[in-house]
Q: 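Got a structure for you, written out below as structure tokens; questions coming shortly.
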Amino acid sequence: MTGFLSLTPFTQEALNSFMGVKGYEKVIEGADAILPFKPGELIDSLFLDIGVRRGLNKGTKYGMRLVMGGIQVLEDFAKQGNIVKKLLATSSVPDGINLCKGLGFKEIPTAPGSTRHHFELDLETSDNPLLKEYQQIIKQHKTKK
């Protein structure tokens, strides 16, 4: 395996415990922590998880392919009426932290003693040029309503 990307719709309760909103970070477990996708329904947030095998000669290239594929998935969701408001992510490694910052994610507060950095990206207001097509699809969808 070279790498992976997942976009997961966790429940708010699962996100709060994982992101340390209540002062601690907890591993998300169980299928009941994941929301089902329903056609045409607004998605408040998706948790972005991405990884590329360390030591690859073209690791950055593979990472960018994963990011571009993830953006295509968001565009496909939006075309089906599943508009995603924001992405959430965490990282404790320099590559992940730099990727989030480079994509325009804003760092958000973490629980005291956390080793992970927490990030969020508002997809509607982001000025990242990679998201312009997604933002156009959202605008078109809103004018149709």
Q: Can any side-chain N or O of Q135 pair as donor or acceptor with the backbone N or O of L123 at less than 3.5 Å?
A: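 The answer is yes, because a donor-acceptor pair under 3.5 Å joins these two groups.
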
Q: Do we see a donor-acceptor contact under 3.5 Å between the side chains of D76 and Q72?
A: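 Indeed, the side chains of D76 and Q72 share at least one donor-acceptor pair under 3.5 Å.
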
Q: Could you go through L46 and L74, starting from their C-alpha distance and side-chain angles, then the distance that decides it, and tell me whether this counts as side-chain contact (heavy atoms from CB on, under 4.5 Å)?
A: CA-CA 10 Å; L46 291 176; L74 292 172; 4.0 Å; yes

Q: Rounded to the nearest 0.5 Å, what separation is found between the CG atom of L121 and the NZ atom of K101?
A: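 Here the interatomic distance stands at 14.5 Å.
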
Q: Indicate, with yes or no, if I137 and L130 share a hydrophobic cluster defined by side-chain heavy-atom contacts under 4.5 Å among Ile, Leu, Val, Met, Phe, Trp and Tyr.
A: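 No, L130 does not connect to I137 through the hydrophobic network.
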
Q: Taking all heavy atoms of F47 and all of A89, pick out the closest pair and write down the distance.
A: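 Closest pair (atom of F47, atom of A89, distance): CE1-CA, 3.8 Å.
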
Q: Quick check: closest heavy atoms across D44 and K85, and the distance to 0.1 Å?
A: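 Taking D44 first and K85 second, the nearest heavy atoms are O-CB, 3.3 Å.
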
Q: Would you call the rings of F37 and F77 parallel, tilted or perpendicular, where under 30° means parallel and over 60° means perpendicular?
A: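 Because their plane-to-plane angle lies in the 30° to 60° range, the rings of F37 and F77 count as tilted.
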
Q: Please report the interatomic distance CD1(I43) to NZ(K38), rounded to the nearest 0.5 Å.
A: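 If I round to the nearest 0.5 Å, the distance is 11.5 Å.
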
Q: Under the side-chain contact (heavy atoms from CB on, under 4.5 Å) criterion, do S92 and R116 qualify, and how do the steps go?
A: CA-CA 4 Å; S92 60; R116 290 189 302 230; 4.1 Å; yes

Q: Can you tell me how far the NZ atom of K61 sits from the CG atom of L66, to the nearest 0.5 Å?
A: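 The NZ atom of K61 sits 12.5 Å away from the CG atom of L66.
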
Q: Please check if the side chain of N82 supplies one atom and the backbone of E41 the other of a donor-acceptor pair under 3.5 Å.
A: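 Yes.
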
Q: Taking only residues two or more places apart in sequence or in another chain, which ones pass side-chain contact (heavy atoms from CB on, under 4.5 Å) with L99?
A: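 I50, V67, L103.
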
Q: Mind checking the CD-CD1 spacing from E133 to I71? Nearest 0.5 Å is all I need.
A: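 If I round to the nearest 0.5 Å, the distance is 11.0 Å.
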
Q: Could you work out, with ring pair (Phe, Tyr, Trp, His ring centres under 6.0 Å) as the rule, every residue matching F10, not counting sequence neighbours?
A: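 Checked F10 against ring pair (Phe, Tyr, Trp, His ring centres under 6.0 Å); zero matches.
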
Q: For S45, check side-chain contact (heavy atoms from CB on, under 4.5 Å) against everything at least two apart and list the hits.
A: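 Checked S45 against side-chain contact (heavy atoms from CB on, under 4.5 Å); matches are L15, K86, L88.
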
Q: When you measure from the side chain of N98 to the backbone of P94, do you find a donor-acceptor pair of N or O atoms at a distance under 3.5 Å?
A: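 Side chain of N98 to backbone of P94: a pair is present.
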
Q: Around atom NZ of K139, are there more than 12 heavy atoms of other residues, nucleotides or ligands at under 6.0 Å?
A: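 Incorrect, the count does not exceed 12.
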
Q: Yes or no on side-chain contact (heavy atoms from CB on, under 4.5 Å) for L5 and L48, after CA distance, side-chain angles and deciding distance?
A: CA-CA 7 Å; L5 180 136; L48 170 67; 3.8 Å; yes

Q: Under a single-linkage definition using a 4.5 Å side-chain heavy-atom cutoff for Ile, Leu, Val, Met, Phe, Trp and Tyr, are Y134 and L7 assigned to the same hydrophobic cluster?
A: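 Linked within one cluster.
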
Q: Could you state whether F4 and V93 fall into the same hydrophobic cluster, counting links through intermediate Ile, Leu, Val, Met, Phe, Trp or Tyr residues with side-chain heavy atoms under 4.5 angstrom apart?
A: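 F4 and V93: separate clusters.
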
Q: Nearest 0.5 Å, please: how far is NE2 in H117 from CD1 in I97?
A: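 Result: 3.5 Å between the selected atoms.
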
Q: So E120 and L87, side-chain contact (heavy atoms from CB on, under 4.5 Å) or not? Walk me through it.
A: CA-CA 6 Å; E120 91 177 3; L87 295 179; over 6 Å; no

Q: Quick check: does any side chain N or O of S6 sit under 3.5 Å from a backbone N or O of T8, one acting as donor and the other as acceptor?
A: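 It does not hold such a pair.
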
Q: I need the D122 CG to N128 CG distance, nearest 0.5 Å.
A: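 Between D122 CG and N128 CG, I get 12.5 Å after rounding to 0.5 Å.
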
